Amino acid sequence: MFKRFEFTDNAQPYSFMMHMKKQYLPFRYIYILCCCLPFMGQAQSTYEIKKDIAAIYTELQEATGNVPTNWPRLEISTKPYCVAAYIKDVNTIVFEKDAYLVCQGMGKNKNAAIAFLLGHELTHFFQEHKWERQGFLMPNSSMNGATMREYEADTHGAFIAYLAGYAVAEVVGPLLDEIYKSYNLTDAKLKDKYPPLSTRKGVAIVALKKSEDLQTTYEAANYFIALGWHTEAIYCYKYLLEQIQTKELYNNLGTAFLASAIIQARKKDKYTFLYPMEIDSDFSVFGDRGLTMYLDDTELLDNAIVNFQKAILLDKDYFSAQLNQACAHDLLKSYRKSNTQNPWTYVYKADEIAAKNPSRFSSVQLSKIAIIKGILSASEYNDSSIYYFDVAVRHGWNIGIGKLANQNKKIAKNRKNENFNPRRIISAFSENDRMKKKYKGEYVLEDAIDYIDLRYTSNLTFDTEIQGGLLVGANTQPSIGLKYLGYSQLINIKSLTGSSILHFTKDKSTKTDRGIRVGSSITSIKKAYSSEPFKIINQNNGYFLVYPHLRLIFDLNEEQYVRGWGIYVEY
């Protein structure tokens with residue numbers, strides 16, 4: 001039982017504590033712990049917040065590929081002021097704790113909300129806005145200039161978040177509502193400091209529409225490469241690069257140039273092997289219409305190499321660009337014996353990148369390294385080429401990579417046979433000869449999305465029409481028309497050489513005439529289209545499966561399930 005203590009005037013100030021120290025030693029630790037808990041909780045909370053935000057910040061950095069040595073520092077502020085801000089004079093992005101808590105209230109979209117706010121401030125950093133402090137809630141002073149800056153930051157911030165894998169369109173409206181509510185930004189309190197909620201949401205709505213156009217153009221351009229529509233892809237990538245520069249855009253633009261160069265090289269018997277980004281020369285009805293009017297073979301390769309190098313400058317550990325450089329320099333050797341870099345340099349760098357973080361690299365990517373090593377070895381008449389192709393087969397799990405490795409192996413084995421014609425293997429790989437013989441060059445269009453018949457599109461009106469990027473040497477720009485329907489997007493590229501239309505969807509409820517939809521497996525597709533010749537085009541995180549006769553294309557993920565599909569026509 002505790003003894004009752006009464007403090008008198010002569011009592012020592014700490015007599016009670018001294019007694020407890022003597023009688024109950026553990027008490028002092030309990031007392032210290034109780035005093036420190038509030039501070040420890042706050043410190044821990046701030047640490048965890050910064051850790052969460054920093055993880056998403058890293059993803060955005062990797063998505064853009066811009067790797068300056070002076071990335072803005074990330075700081076967490078416990079004082080509510082402007083949600084988030086880029087402060088130029090100290091090169092810091094400040095993310096407020098209250099803003100983080102608002103994002104947490106977005107449920108399943110909480111990380112997308114954080115990604116949007118971070119992407120917004122990163123855009124201020126990239127665009128080097130002149131204000132020393134650029135906040136998410138724009139000041140009302142000089143509203144016209146501020147509005148343009150915030151529109152730009154919302155647009156590109158949403159696109160950066162999209163490249164990092166975050167869908168932000170559905171979260172921005174609710175996010176702004178909650179920010180104004182949490183920060184108690186009533187119209188009466190705003191005065192000249194911040195715009196009304198309706199104004200800020202108006203800017204965001206217009207910006208998100210522009211960001212949606214960028215996303216649609218980007219996704220369509222990736223389809224275009226798979227279809228062999230390299231000119232159309234280049235129009236789109238060039239337009240996108242006028243808006244924002246990322247490593248993936250530069251790499252994909254280079255891939256379009258390289259794919260076109262491969263087609264021209266094959267026609268001139270400049271090479272025999274099938275590269276991991278192999279594109280079929282007879283894939284498109286009109287082939288590379290427009291592109292070779294302006295650039296010859298070596299200029300195509302030079303353009304490819306320049307763009308791959310730009311991607312690598314943004315991220316020296318960019319695996320895809322390193323492998324593509326190896327392909328481009330190997331092909332360039334057949335045109336120019338000098339002034340070319342050794343393709344092995346880029347293969348070794350890709351090896352080094354994969355070895356640094358093996359968990360990030362799929363078996364498909366490792367197969368691609370092995371295939372390129374096999375091609376380079378075979379070009380040097382090195383017997384190890386067969387070994388590399390076997391390694392690629394062992395790594396490769398999808399129907400595209402394994403087949404590609406085996407075809408290259410057959411070519412390598414028969415190179416010393418004077419009567420051997422590699423075109424037979426290439427032709428068998430593409431399956432176009434069988435398709436042409438069976439269908440006599442004709443095609444059918446049995447599918448429609450959102451009730452749009454692509455055979456009758458002359459009366460279509462588009463939601464957005466923009467000017468595509470200009471080709472080197474060309475004097476006219478193509479028109480890019482975008483149309484948004486209930487469950488799909490339609491893009492039409494009009495140029496001097498004709499019109500190319502792609503209609504694609506990622507909606508699960510929409511299915512092909514034979515019952516394939518988003519989420520269907522490769523087994524289901526092969527069963528539904530067992531009698532149709534097809535073409536496979538590998539990409540970083542999956543592959544495209546195309547049925548040229550049906551004008552039908554599927555986008556499959558690494559697990560070999562459909563994540564999108566479309567139909568296409570040319571006029």
Side-chain angles (χ1 to χ4, degrees), residues 127 148 151-152 155-156 159 206-207 209-246 248-261 263-264 279 284-297 299-308 310-311 454 457-484 489-504 566 568-571:
Q127 305 293 16
M148 273 308 299
Y151 164 74
E152 203 175 85
T155 300
H156 296 159
F159 188 65
V206 177
K209 175 61 175 68
K210 175 67 177 294
S211 183
E212 182 183 30
D213 290 345
L214 295 179
Q215 293 172 32
T216 300
T217 304
Y218 171 79
E219 290 176 1
N222 294 343
Y223 274 96
F224 291 159
I225 290 183
L227 293 173
W229 294 358
H230 310 129
T231 307
E232 288 81 355
I234 289 170
Y235 288 148
C236 292
Y237 289 133
K238 277 184 167 286
Y239 166 73
L240 292 168
L241 282 164
E242 290 171 2
Q243 315 302 314
I244 187 170
Q245 292 76 49
T246 73
E248 193 162 351
L249 290 176
Y250 279 122
N251 179 66
N252 289 2
L253 177 58
T255 301
F257 279 115
L258 177 56
S260 184
I263 289 175
Q264 301 308 315
I279 303 294
S284 172
V285 172
F286 296 101
D288 252 348
R289 54 183 184 175
L291 192 56
T292 53
M293 291 168 54
Y294 306 110
L295 300 171
D296 64 25
D297 305 351
E299 287 173 325
L300 290 169
L301 286 170
D302 286 338
N303 274 275
I305 288 169
V306 165
N307 283 288
F308 294 144
K310 287 180 179 179
L454 290 191
T457 56
S458 57
N459 295 325
L460 274 180
T461 56
F462 295 94
D463 301 311
T464 304
E465 291 205 46
I466 53 182
Q467 294 296 308
L470 189 65
L471 277 176
V472 176
N475 53 14
T476 58
Q477 287 181 283
S479 168
I480 300 177
L482 302 172
K483 187 172 185 63
Y484 299 93
Q489 298 83 43
L490 187 147
I491 183 167
N492 181 25
I493 310 289
K494 283 186 178 179
S495 65
L496 291 176
T497 54
S499 184
S500 304
I501 302 174
L502 169 70
H503 194 183
F504 63 101
Y568 60 98
V569 295
E570 300 155 301
Y571 298 108

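Bear in mind the structure is a predicted one, so any value in this text is a computation, not a measurement.
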Taking the side chain as every heavy atom from C-beta outward, state whether [X] and [Y] have any pair of such atoms under 4.5 Å apart.
X: Asp213; Y: Ile480; result: no
X: His230; Y: Thr255; result: no
X: Leu253; Y: Leu241; result: yes
X: Tyr218; Y: Thr246; result: no
X: Leu460; Y: Asn492; result: no
X: Phe308; Y: Asn251; result: yes
X: Ile491; Y: Glu232; result: no

Check step by step if side chain to side chain contact (heavy atoms under 4.5 Å, CB included) holds for Phe462 and Leu490.
-> CA-CA 9 Å; Phe462 295 94; Leu490 187 147; 3.6 Å; yes
What's the spacing between [X] [atom1] and [Y] [atom2] if we round to 0.5 Å?
X: Gln467; Y: Tyr239; atom1: CD; atom2: OH; result: 10.0 Å
X: Tyr235; Y: Phe224; atom1: OH; atom2: CZ; result: 11.5 Å
X: Ser211; Y: Ile244; atom1: OG; atom2: CD1; result: 9.0 Å
X: Ile234; Y: Ile225; atom1: CD1; atom2: CD1; result: 8.5 Å
X: Leu214; Y: Glu219; atom1: CG; atom2: CD; result: 11.5 Å
X: Leu258; Y: Asn307; atom1: CG; atom2: CG; result: 11.0 Å

Anything under 30° is parallel, anything over 60° is perpendicular, the rest tilted; go ahead and classify Phe504 against Tyr223.
->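 Ring orientation, 0 to 90° scale: tilted.
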Does Glu465 use its side chain to pair, donor to acceptor, with the backbone of Gly481 at less than 3.5 Å?
->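 No, Glu465 side chain to Gly481 backbone: no donor-acceptor pair under 3.5 Å.
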Checking Asp463 side chain against Tyr484 main chain: does a donor-acceptor pair fall under 3.5 Å?
->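 Present.
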If you look at every heavy atom in Lys238 and Gly469, which pair is closest and at what distance?
->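 Heavy-atom minimum between the residues: CB-CA, 3.6 Å.
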Return the minimal non-hydrogen interatomic distance between Ala221 and Cys236, and the atom names on each side.
->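 That closest heavy-atom pairing would be CB-CB, 3.7 Å.
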With Phe257 as reference, evaluate Val306, Asp302, Asn303 under the side chain to side chain contact (heavy atoms under 4.5 Å, CB included) test and give the passing residue.
->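 Only one of Val306, Asp302, Asn303 forms a side chain to side chain contact (heavy atoms under 4.5 Å, CB included) with Phe257, namely Asn303.
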Could you check Lys209, Glu212, Gln243, Lys210 and say which one makes a side chain to side chain contact (heavy atoms under 4.5 Å, CB included) with Thr155?
->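 Answer to the side chain to side chain contact (heavy atoms under 4.5 Å, CB included) test with Thr155 among Lys209, Glu212, Gln243, Lys210: Lys210.
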